[in-house]
Visitor: 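Handing you this structure, nothing more for now.
Remember, it's a predicted structure, so these values are computed and weren't measured experimentally.
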Amino acid sequence: MDADFLYGSKTEFIPINNQVFTIHGLKPPYRIAIRNTLTFFAIKVQPWVNSYFFSNVKTRGVVDLANVDSSLLDLHEDLFKEQPLASRYSIADLYMLNKCIRLTPTMEVVKSLCVYIYDKQGILTVNDLSAVFNKSRQYLNKVFKKEVMYSLKKFIITVRILALVKHKVKNTELSLTQLSYEFGYFDQSHFIRDFKNVCGVTPRHYFNNIPEFVLRH
């Protein structure tokens, strides 16, 4: 709370007034403008359980999750009590374990897809997945959209670009041309378009202004 979430090429902003929230349906680049200080605890869920947690999120923006699951307010209160960081991790772990999530058959399929895409760093196509998993493109797209709440192609591109960014951070001597070739881009316009769709800015702008958060992780 007490911050603004800035997004998009025209730098629109939304005040963050919620204790527990998610960011949904906004276009990058993203930035948080802090008025004084900011302390946050982030919980990331894997894509194959997106629908389990967020299927009731119907609006775009900074979405108040207390309206989706009021138990998150109790979690917030527990997490922000004065205590060691390790204790906070344990509280979050216990909260998630108590959800007792049982994967449905389609969630299992999507989990297998995601793990395979992660392993290949997103350097593949939907056709490749169709051949590997012996399922039609239509079926894979349908179950993926149902569970992840966005398209299989968008996920592949996102994984690919994030892997590319991590690789560049660790190998600063690589030129952008070399980098794009290593990740299967042989058309610079295609590379720049995918990068902008994920990061909101061009590769050159991004790597000339790498966020400190990325360098730390």
Side-chain angles (χ1 to χ4, degrees), residues 3 5-9 11 22-34 37-50 53 84-86 88-90 92-93 96 110-129 131-133 140 144 147-217:
F5 184 81
L6 291 81
Y7 67 96
S9 57
T11 317
T22 190
I23 307 299
H24 182 66
L26 301 179
K27 290 189 175 182
Y30 304 138
R31 184 164 64 87
I32 292 179
I34 305 163
T37 62
L38 175 69
T39 302
F40 67 94
F41 190 103
I43 297 177
K44 176 190 174 185
V45 299
Q46 288 287 1
W48 51 89
V49 290
N50 274 3
F53 284 99
L85 189 58
R88 299 175 198 232
Y89 291 150
S90 296
D93 285 343
M96 298 299 284
V110 172
K111 178 180 178 180
S112 297
L113 287 170
C114 290
V115 170
Y116 188 80
I117 294 165
Y118 287 145
D119 183 60
K120 298 297 182 182
Q121 297 187 307
I123 308 173
L124 41 64
T125 65
V126 178
N127 281 338
D128 294 332
L129 292 171
V132 169
F133 288 87
L140 294 182
F144 197 91
E147 302 299 350
V148 182
M149 300 172 60
Y150 56 85
S151 73
L152 180 52
K153 183 178 180 180
K154 179 180 177 179
F155 181 76
I156 290 170
I157 292 171
T158 302
V159 170
R160 191 179 189 180
I161 296 299
L162 294 181
L164 180 151
V165 166
K166 291 177 183 177
H167 187 66
K168 170 65 172 171
V169 168
K170 293 177 181 177
N171 299 273
T172 55
E173 76 285 353
L174 284 177
S175 69
L176 291 179
T177 300
Q178 289 173 308
L179 186 68
S180 63
Y181 286 164
E182 284 195 28
F183 281 80
Y185 287 105
F186 302 103
D187 179 336
Q188 287 297 299
S189 63
H190 184 194
F191 167 51
I192 293 169
R193 185 186 68 220
D194 280 359
F195 198 98
K196 285 187 71 174
N197 283 338
V198 174
C199 299
V201 294
T202 65
R204 190 168 302 282
H205 178 89
Y206 185 91
F207 289 115
N208 285 338
N209 303 273
I210 297 178
E212 184 183 342
F213 178 86
V214 174
L215 295 175
R216 291 202 309 267
H217 293 76

Visitor: Tell me, which pairs form a side-chain hydrogen bond (donor to acceptor under 3.5 Å, both in side chains) where one or both residues lie in residues 198-210, sequence neighbours left out?
Guide: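 Those involving residues 198-210 do not exist here.
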Visitor: For Ser9, give me all partners under side chain to side chain contact (heavy atoms under 4.5 Å, CB included), at least two apart in sequence or on another chain.
Guide: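 Listed in chain order: nothing, the list is empty.
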Visitor: Distance from Leu124 atom CG to Leu129 atom CG, nearest 0.5 Å?
Guide: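 Nearest 0.5 Å value for the CG-CG distance: 5.0 Å.
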Visitor: Considering residues at least two apart in sequence or located in another chain, which fulfil the side-chain hydrogen bond (donor to acceptor under 3.5 Å, both in side chains) criterion with Thr37?
Guide: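 For Thr37 there are no side-chain hydrogen bond (donor to acceptor under 3.5 Å, both in side chains) partners, ignoring immediate neighbours.
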Visitor: List in chain and number order the residues that pass side-chain hydrogen bond (donor to acceptor under 3.5 Å, both in side chains) with His167, two or more places apart in sequence or in another chain; answer none if no residue qualifies.
Guide: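 Result, side-chain hydrogen bond (donor to acceptor under 3.5 Å, both in side chains) vs His167: Asn171, Glu182.
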Visitor: Determine whether the side chains of Asp128 and Thr125 contain a donor N or O and an acceptor N or O closer than 3.5 Å.
Guide: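 Result is yes, a qualifying pair exists.
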Visitor: Ser175: what forms a side-chain hydrogen bond (donor to acceptor under 3.5 Å, both in side chains) with it, not counting sequence neighbours?
Guide: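 side-chain hydrogen bond (donor to acceptor under 3.5 Å, both in side chains) list for Ser175, sorted by chain: Gln178.
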Visitor: What residues form a side chain to side chain contact (heavy atoms under 4.5 Å, CB included) with Tyr181, not counting sequence neighbours?
Guide: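 Expected list: Thr177, Phe186.
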Visitor: Look up atom CG in Leu152 and atom CD1 in Ile157, then write down how far apart they are to the nearest 0.5 Å.
Guide: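 Reported value, rounded in 0.5 Å steps: 10.0 Å.
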Visitor: Could you check whether any side-chain heavy atom of Val110 comes within less than 4.5 Å of a side-chain heavy atom of Pro47, counting everything from C-beta outward?
Guide: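 Contact flag for Val110/Pro47 side chains = no.
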Visitor: Please enumerate all residues that pass ring pair (Phe, Tyr, Trp, His ring centres under 6.0 Å) together with Tyr150, with sequence neighbours excluded.
Guide: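 Partners of Tyr150 under the ring pair (Phe, Tyr, Trp, His ring centres under 6.0 Å) test: none.
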Visitor: List the steps, then state whether side chain to side chain contact (heavy atoms under 4.5 Å, CB included) holds for Trp48 with Ser112.
Guide: CA-CA 9 Å; Trp48 51 89; Ser112 297; over 6 Å; no
Visitor: Any donor and acceptor pair, going by atom type alone, linking the side chain of Arg160 with main-chain N or O of Asp194 inside 3.5 Å?
Guide: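 The answer is no, because no donor-acceptor pair under 3.5 Å joins these two groups.
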Visitor: Can you sort out the partners of Thr158 under side-chain hydrogen bond (donor to acceptor under 3.5 Å, both in side chains), two or more places apart, ordered by chain and number?
Guide: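 With sequence neighbours excluded, Thr158 shows a side-chain hydrogen bond (donor to acceptor under 3.5 Å, both in side chains) to no residue whatsoever.
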Visitor: Rounded to the nearest 0.5 Å, how far apart are OH of Tyr118 and CZ of Phe155?
Guide: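 Between atom OH of Tyr118 and atom CZ of Phe155 there are 4.0 Å.
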Visitor: Identify, with sequence neighbours excluded, every residue that meets side chain to side chain contact (heavy atoms under 4.5 Å, CB included) alongside Thr22.
Guide: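 Per chain and number, Thr22 pairs via side chain to side chain contact (heavy atoms under 4.5 Å, CB included) with Phe54, Val63, Leu65.
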Visitor: Can you name the closest pair of heavy atoms from Gly122 and Ile156 and give their distance?
Guide: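 The answer is O-CG2, 3.4 Å.
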Visitor: Mind checking the CG-CZ spacing from Leu85 to Phe41? Nearest 0.5 Å is all I need.
Guide: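 Between Leu85 CG and Phe41 CZ, I get 7.0 Å after rounding to 0.5 Å.
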Visitor: Counting only heavy atoms not in Phe133, do more than 12 sit closer than 6.0 Å to its CZ atom?
Guide: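 Yes, CZ of Phe133 has more than 12 neighbouring heavy atoms, counting only those of other groups under 6.0 Å.
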Visitor: Taking side chain to side chain contact (heavy atoms under 4.5 Å, CB included) as the definition, give me every residue that meets it alongside Tyr30, ordered by chain and number, with sequence neighbours left out.
Guide: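 Partners of Tyr30 by the side chain to side chain contact (heavy atoms under 4.5 Å, CB included) criterion, ordered by chain and then number, come out as Phe5, Tyr7, Leu26, Pro28.
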Visitor: Can you measure from NZ (Lys27) to CG (Asn197) and round to the nearest 0.5 angstrom?
Guide: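 Answer for the NZ-CG pair, Lys27 versus Asn197, is 8.0 Å.
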Visitor: How would you list, by chain and number, every residue that makes a ring pair (Phe, Tyr, Trp, His ring centres under 6.0 Å) with His190, sequence neighbours excluded?
Guide: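 Testing His190 for ring pair (Phe, Tyr, Trp, His ring centres under 6.0 Å), a comparison that skips the adjacent residues, returns Tyr185.
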Visitor: So which atom in Val148 and which in Asn50 form the shortest heavy-atom distance, rounded to 0.1 Å?
Guide: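 Looks like O-ND2, 3.1 Å.
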Visitor: Can you name the residues that form a ring pair (Phe, Tyr, Trp, His ring centres under 6.0 Å) with Phe207, not counting sequence neighbours?
Guide: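 Counting only residues at least two positions away or on another chain, Phe207 forms a ring pair (Phe, Tyr, Trp, His ring centres under 6.0 Å) with Phe195.
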Visitor: With a 4.5 Å cut-off on side-chain heavy atoms, are Lys120 and Val159 touching?
Guide: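 With C-beta onward as the side chain, the pair stays apart.
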Visitor: Hey, is the main chain of Leu174 close enough, under 3.5 Å, to the side chain of Lys168 for a donor-acceptor pair?
Guide: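 Side chain of Lys168 to backbone of Leu174, a donor-acceptor pair under 3.5 Å: yes, one is there.
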